[in-house]
*Asks:* 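Take a look at the following structure, please.
Here is the naming used below: chain letters follow the sequence lines, and residue numbers restart at 1 for every chain. All values derive from a computational prediction rather than experimental measurement.
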Number of protein chains: 2
Amino acid sequence: MLTIGKLGAATGVKVPTIRWYEEVGLLPRAGRSVGGQRLYDEAARRRLAFIRHARELGFGLDAIRDLLSLADRPDQSCAAADAIARAQLAEVEARLARLRALKGELERMVEQCACGTIRDCRVIETLGDHGLCKGEHGGIASPLA
Amino acid sequence: MLTIGKLGAATGVKVPTIRWYEEVGLLPRAGRSVGGQRLYDEAARRRLAFIRHARELGFGLDAIRDLLSLADRPDQSCAAADAIARAQLAEVEARLARLRALKGELERMVEQCACGTIRDCRVIETLGDHGLCKGEHGGIASPLA
DNA sequence: CTTGACCCTCTAGTGACTAGAGCAATTAGG
DNA sequence: CCTAATTGCTCTAGTCACTAGAGGGTCAAG
């Protein structure tokens, strides 16, 4: 049986994060010691490792919840899991495209800067006038890295 | 003189967002009509367009605040603005590298899925066992797209 | 038995907004 | 000139996935 700190160390997840996963239902309510401290078994450790890995791959907690409930039913079709992963891949590809455009625009901006005074600064000027941009760079960047 | 709605339409910024920019000090407190509604002039419009464009390029509000105060002093050196832009570029490049790694891992996962039952699903299996991953994909993805 | 490391709950804060309630002001049409 | 529709106002709360901190309780080693 692991205390929450050992579990965190074993999985690379911070202690408050583990408690928070419990609160939002990603982890089942942990059993407690006599004094009321959480205790975890190997199954909990595997479940948390799964969550952590999925987070590293950028899945949101809702998607992870779905993936976990799928993982608990080994006889069902894998199609749903596949769909979730494909959606995540599409999301990542979209963000990649956007970031590449951003990078190009920033590079252009920085390269043109002669580093004189603000008056002649291409960085400031470009920011002030969208028309100086070559390509579109769409709307405001969305969260979820 | 523009009302807040016209200003929003002219710059592509939503009305509550404009009010929020005022609240956090990116925009000066707007003058008001007799009835208390905000009114904006051309200078405000340019300032908001600057903010919007910088947001599109992924700058955070703190960086934008700095850029704006630089833009207001045309005689000063452009070095600080250049540094902010370079930092943003570095940030974008780091996120690009991370996203590329993520994309690779997701592609591998999805490609290996034979779409049978969950029991044999590579997606679920890979998520459960980080050892099946080829490369590192670092920590949890950070926000700020 | 004490010390220090760990654990508990609870609240609040992050970034950059977005949504909604409940009401006031403006504007276009008749 | 009146009315109805639109737009505006403030304020609160919610989003995502945590993180930080206060103020205490528990546990294992020495």
*Asks:* Within this structure, what is the CZ-CZ distance for the pair A:Arg95 and B:Arg95, rounded to the nearest 0.5 Å?
*Replies:*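 Spacing of CZ (A:Arg95) from CZ (B:Arg95) equals 10.0 Å.
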
*Asks:* Among residues 38-51 of chain A, which residues get a heavy atom nearer than 4.0 Å to DNA chain D?
*Replies:*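 None - not one residue of the stretch has a heavy atom sitting under 4.0 Å from the strand.
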
*Asks:* Tell me every residue that passes salt bridge (Lys or Arg N to Asp or Glu O under 4.0 Å) with A:Asp129, counting only those two or more places apart in sequence or in another chain.
*Replies:*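 For A:Asp129, no residue satisfies salt bridge (Lys or Arg N to Asp or Glu O under 4.0 Å) once neighbours in sequence are set aside.
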
*Asks:* With sequence neighbours left out, write down each residue that passes salt bridge (Lys or Arg N to Asp or Glu O under 4.0 Å) with B:Asp41, or none if nothing qualifies.
*Replies:*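 Partners of B:Asp41 by the salt bridge (Lys or Arg N to Asp or Glu O under 4.0 Å) criterion come out as none, since no residue qualifies.
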
*Asks:* By side-chain hydrogen bond (donor to acceptor under 3.5 Å, both in side chains), which residues pair with B:Gln112, not counting sequence neighbours?
*Replies:*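 With sequence neighbours excluded, B:Gln112 shows a side-chain hydrogen bond (donor to acceptor under 3.5 Å, both in side chains) to B:Arg122, given in chain and number order.
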
*Asks:* Give a yes or no on whether the backbone of B:Val24 and the side-chain of B:Arg65 come within a donor-acceptor separation of less than 3.5 Å.
*Replies:*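 Yes.
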
*Asks:* Under 3.5 Å, which N/O atoms of the protein pair with N/O atoms of nucleotides 1-4 of chain C?
*Replies:*
none

*Asks:* Among all residues two or more places apart in sequence or in another chain, which pass the side-chain contact (heavy atoms from CB on, under 4.5 Å) test with B:Val110?
*Replies:*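 Scan of B:Val110 (side-chain contact (heavy atoms from CB on, under 4.5 Å), adjacent residues dropped) gives A:Asp82, A:Ala85, A:Arg86.
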
*Asks:* Once side-chain contact (heavy atoms from CB on, under 4.5 Å) is applied, do any residues pair with B:Arg29, and if so which ones, sequence neighbours excluded?
*Replies:*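 Residues passing side-chain contact (heavy atoms from CB on, under 4.5 Å) with B:Arg29: B:Glu22.
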
*Asks:* Between protein and nucleic acid, restricted to nucleotides 18-22 of chain D and to nitrogen or oxygen atoms under 3.5 Å apart, what atom pairs and distances do you find?
*Replies:*
unit_1	atom_1	unit_2	atom_2	d
D:dC18	OP2	A:Tyr21	OH	2.7
D:dC18	OP2	A:Arg55	NE	2.9
D:dT19	OP1	A:Lys14	NZ	3.3
D:dT19	OP2	A:Thr17	OG1	3.0

*Asks:* So does B:Gly58 get a backbone contact from the side chain of B:Gln88, meaning a donor-acceptor N/O pair under 3.5 Å?
*Replies:*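 Here the side-chain-to-backbone pair exists.
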
*Asks:* Using the side-chain contact (heavy atoms from CB on, under 4.5 Å) definition, which of the options B:Thr17, B:Thr11, B:Leu26 pairs with B:Leu48?
*Replies:*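 Single pass found, and it is B:Thr11.
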
*Asks:* Among residues at least two apart in sequence or on other chains, which ones pass side-chain contact (heavy atoms from CB on, under 4.5 Å) with B:Gln37?
*Replies:*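 By the side-chain contact (heavy atoms from CB on, under 4.5 Å) rule, B:Gln37 matches B:Ser33.
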
*Asks:* Which residues satisfy the side-chain contact (heavy atoms from CB on, under 4.5 Å) test with B:Ser69, sequence neighbours excluded?
*Replies:*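 Result, side-chain contact (heavy atoms from CB on, under 4.5 Å) vs B:Ser69: B:Arg73.
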
*Asks:* Residues two or more places apart in sequence or in another chain: which of them pass salt bridge (Lys or Arg N to Asp or Glu O under 4.0 Å) with B:Glu23?
*Replies:*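 Counting only residues at least two positions away or on another chain, B:Glu23 forms no salt bridge (Lys or Arg N to Asp or Glu O under 4.0 Å).
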
*Asks:* Distances under 3.5 Å between protein N/O atoms and the N/O atoms of nucleotides 24-27 of chain C, please, pair by pair.
*Replies:*
unit_1	atom_1	unit_2	atom_2	d
C:dT26	OP1	B:Ser33	OG	3.1
C:dT26	OP1	B:Gly35	N	3.1

